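Comments concern the structure below.
All values derive from a computational prediction rather than experimental measurement.
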Amino acid sequence: MPKIILVGVFAFMGVSLRRLFRGPSSPGWSWRLEWIVAVQRAVLGAMIEWPPTRIRKVMVGRMGPLARALELSEEELGGVPCERSARPG
């Protein structure tokens with residue numbers, strides 16, 4: 001099982017246990033909302049260490065057709081490496 005999935009599973013389980021014993025993190029939050037927030041925080045925190053090319057490969061499959069049509073190019077602005085995105089044409 002990929003590490004990123006395990007990170008999400010442990011976050012899900014941690015929220016469930018914490019909520020059983022201490023209640024919601026914020027008044028009015030549903031179980032579902034708390035699970036979503038915890039899993040997203042954990043997964044994005046784990047992904048922050050990935051190189052941009054790996055993140056892009058994972059995210060491209062989740063993009064809509066307009067985002068997939070963007071032309072991406074690596075550039076340097078003021079000595080800072082960055083990525084430019086532009087519409088074709």
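Of the inter-residue distances, the one linking I36 atom CD1 with W31 atom CH2 reads 14.0 Å to the nearest 0.5 angstrom. Atom SG of C82 and atom CG of L77 lie 3.5 Å apart (nearest 0.5 Å).
Note on I48: it does not cluster hydrophobically with I55, by side-chain heavy-atom contacts below 4.5 Å among ILVMFWY residues. There is no path of hydrophobic side-chain contacts, each under 4.5 Å, that joins L20 to W29. Each of V37 and M47 belongs to its own hydrophobic cluster when Ile, Leu, Val, Met, Phe, Trp and Tyr are linked at side-chain heavy-atom distances under 4.5 angstrom.
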May I have the step-by-step check of side chain to side chain contact (heavy atoms under 4.5 Å, CB included) for E75 and S73, ending in yes or no?
CA-CA 6 Å; E75 297 184 10; S73 61; 3.5 Å; yes
Checking side chain to side chain donor-acceptor pair (under 3.5 Å) for the pair S16/W35: CA distance, chi angles, key distance, verdict?
CA-CA 8 Å; S16 299; W35 287 329; 3.0 Å; yes
Test side chain to side chain contact (heavy atoms under 4.5 Å, CB included) on L72 and R84; report intermediate values, then the result.
CA-CA 6 Å; L72 303 174; R84 179 185 297 261; over 6 Å; no
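For R18 (side chain) and G23 (main-chain N/O), a donor-acceptor pair under 3.5 Å exists by modelled atom type. Between the side chain of E34 and the backbone N or O of V15 there is no donor-acceptor pair closer than 3.5 Å.
Here the closest non-hydrogen pair linking G8 and V39 is O-CG2, 3.6 Å. Among all heavy-atom pairs drawn from A11 and A42, the shortest one is CB-CB, 3.7 Å. When all heavy atoms are compared, the tightest approach of V43 to V7 is N-CG1, 4.0 Å.
Counting heavy-atom neighbours within 6.0 Å of E49 CD, excluding the residue itself, gives a total of 12 or less. Within a 6.0 Å radius of CD in E74, no more than 12 heavy atoms belonging to other residues, nucleotides or ligands are found.
Residues meeting the ring pair (Phe, Tyr, Trp, His ring centres under 6.0 Å) test with W50, sequence neighbours left out: none.
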